[in-house]
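Working notes, beginning with the structure itself.
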Amino acid sequence: MTTRDPKATGLARLAALFADETRAVCLLALLDGRAWTASELARHAGVAASTLSEHLGRLVAGGLLAEERQGRHRYVRLADARVAQLVEDLAAQVAPGTPVRPRTLRESNAGSAMARGRTCYDHLAGRLGIAVTDALTVRGLLQQETGFALTDAGLAWFESAGIGLERRGRRPLARACLDWTERRPHLAGVAGAALCRHALDAGWCVRIGSERAVKVTPAGERALFDLLGVAAAALR
């Protein structure tokens with residue numbers, strides 16, 4: 001008699017939560033790291049509020065989303081960085097297939113902006129994220145040979161740049177996250193989150209549009225060139 005792995009049932013239930021396009025749309029939207037209202041997600045997914053509410057209930061019960069209520073509004077967000085990593089990793093495994101032609105100029109511009117630079121939960125992704133990751137690696141601040149890890153020089157660089165690294169909890173200091181548009185890993189983990197937060201707080205990057213896209217400002221171009229030698233052309 002074959003003994004069934006006790007994790008099989010839980011894995012099947014988790015996989016079932018992703019096996020619906022409406023729920024997948026919500027999970028990808030919430031990778032921007034912000035809390036969304038149920039009505040905002042319903043409009044984004046193009047479904048009725050009652051339908052979306054049922055989907056959100058399943059995601060919350062399954063531990064993928066956390067919710068809070070303020071007055072009449074119900075807000076949801078990804079439960080934690082672990083869930084964000086799972087969503088991004090799964091998205092990166094989807095075969096590119098035949099590119100879908102944008103239906104409008106606005107849709108085309110939004111897609112280009114997301115590919116150029118965006119947040120992946122709480123770290124930088126797209127060509128921007130890859131450019132920063134490559135620059136850190138070339139300068140010996142980040143090593144990728146046996147998994148991502150900051151070198152001693154890298155730790156010193158973060159300190160000299162005024163970017164604090166809060167090493168609390170079980171989250172790794174540096175982690176590789178496969179970029180779903182570039183098909184290469186970018187920097188995540190505590191260091192990736194700290195760098196993204198600093199870039200937004202210091203005005204190196206600003207959010208654009210209603211999704212996760214970010215744009216590097218002129219000040220950001222100067223800072224990234226001065227600190228890492230990243231050419232402005234790589235950020236556009």
Side-chain angles (χ1 to χ4, degrees), residues 27-36 64-66 77-94 113-139 141-144 147-151 154-155 157-217 219-221 223-224 227-228 230 234-235:
L27 290 169
L28 288 170
L30 290 167
L31 276 176
D32 67 359
R34 294 178 287 185
W36 290 48
L64 296 181
L65 298 186
R77 54 177 173 78
L78 295 182
D80 52 33
R82 174 189 58 84
V83 173
Q85 176 185 341
L86 179 59
V87 174
E88 186 77 5
D89 287 349
L90 286 173
Q93 298 305 314
V94 178
M114 286 279 283
R116 183 167 53 249
R118 63 182 182 277
T119 54
C120 172
Y121 187 55
D122 62 358
H123 55 272
L124 299 173
R127 292 198 297 275
L128 168 60
I130 293 297
V132 170
T133 300
D134 285 349
L136 289 167
T137 304
V138 167
R139 281 156 182 74
L141 310 178
L142 174 72
Q143 70 88 15
Q144 302 187 32
F148 275 23
L150 290 182
T151 64
L155 292 172
W157 181 88
F158 272 84
E159 183 176 357
S160 66
I163 304 174
L165 298 176
E166 298 180 6
R167 285 181 269 185
R168 294 182 297 180
R170 300 173 60 184
R171 192 176 189 186
L173 184 60
R175 180 182 68 80
C177 180
L178 184 60
D179 196 292
W180 61 267
T181 53
E182 295 298 307
R183 303 283 159 171
R184 296 176 54 205
H186 56 243
L187 176 64
V190 172
L195 184 56
C196 178
R197 183 169 57 250
H198 185 82
L200 291 168
D201 290 346
W204 295 358
C205 299
V206 292
R207 295 186 182 275
I208 57 176
S210 58
E211 296 191 38
R212 296 185 282 142
V214 296
K215 178 181 179 181
V216 180
T217 65
E221 291 182 353
L224 291 173
L227 292 171
L228 290 170
V230 177
L235 306 173

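Under the rule for a side chain to side chain donor-acceptor pair (under 3.5 Å), the partners of Q144 that lie at least two apart in sequence or sit in another chain are T137. Considering only residues two or more places apart in sequence or on other chains, R139 meets the salt bridge (Lys or Arg N to Asp or Glu O under 4.0 Å) condition with none of them. Qualifying side chain to side chain donor-acceptor pair (under 3.5 Å) partners for R175, counting only residues two or more places apart in sequence or in other chains: Q85. Listed by chain and number, the residues in a salt bridge (Lys or Arg N to Asp or Glu O under 4.0 Å) with E182 amount to none (sequence neighbours excluded). Considering only residues two or more places apart in sequence or on other chains, A29 meets the side-chain contact (heavy atoms from CB on, under 4.5 Å) condition with W36, L41, H44. By the side-chain contact (heavy atoms from CB on, under 4.5 Å) test, A149 pairs with Q143, sequence neighbours left out. In this view, D89 satisfies the salt bridge (Lys or Arg N to Asp or Glu O under 4.0 Å) rule with no residue, not counting sequence neighbours. For A202, the side-chain contact (heavy atoms from CB on, under 4.5 Å) partners two or more places apart in sequence, or in a different chain, are H198, W204.
In terms of modelled atom types and a separation under 3.5 Å, the side chain of R212 and the main chain of T119 share a donor-acceptor contact. Distance alone, capped at 3.5 Å, is enough to place a donor-acceptor pair between the T133 side chain and the L187 backbone.
Atom CG of D32 is separated from atom CG of D122 by 11.5 Å, given to the nearest 0.5 angstrom. A distance of 8.5 Å separates SG of C205 from CG of L195, quoted to the nearest 0.5 Å. To the nearest 0.5 Å, atom CZ of residue R183 and atom CG of residue L178 are 7.0 Å apart. Note that the CD atom of E88 and the CG atom of D179 stand 6.5 Å from one another [nearest 0.5 Å].
Taking each heavy atom of A191 and L150 in turn, the nearest pair found is CB-CD1, 3.9 Å. Contact detail for C177 and C120: the closest heavy-atom pair is SG-SG, 4.0 Å. In terms of heavy-atom proximity, A84 sits nearest to L31 at O-CD2, 3.7 Å. Scanning both residues, L142 and A174, for their nearest heavy atoms gives CD1-CB, 4.4 Å. Taking both residues in full, the closest heavy atoms of I130 and P185 are given as CD1-O, 3.4 Å, listed atom of the first, atom of the second, then distance. The two residues A113 and I208 have their closest heavy-atom pair at CB-CD1, 4.0 Å.
At least one side-chain heavy atom of L228 sits under 4.5 Å from a side-chain heavy atom of W157. Looking at heavy atoms from C-beta onward, V87 lies out of side-chain contact with L64 at the 4.5 angstrom threshold. With contacts defined as side-chain heavy-atom distances shorter than 4.5 Å, the pair L200/R207 qualifies. Proximity of L78 to L27: side-chain heavy atoms (C-beta onward) are separated by under 4.5 Å at one or more points. Taking 4.5 Å as the limit, every side-chain heavy atom of L30 sits out of range of all side-chain heavy atoms of V83.
Legend: salt bridge (charged side-chain N to carboxylate O under 4.0 Å, His left out) pairs involving residues 186-199, not counting sequence neighbours: none detected. Pairs passing the ring pair (Phe, Tyr, Trp, His ring centres under 6.0 Å) check and including a residue from residues 117-138, sequence neighbours excluded, read H123-H186.
Between R184 and D134, at least one side-chain nitrogen of the basic residue sits less than 4.0 Å from a carboxylate oxygen of the acidic one, meeting the salt-bridge criterion.
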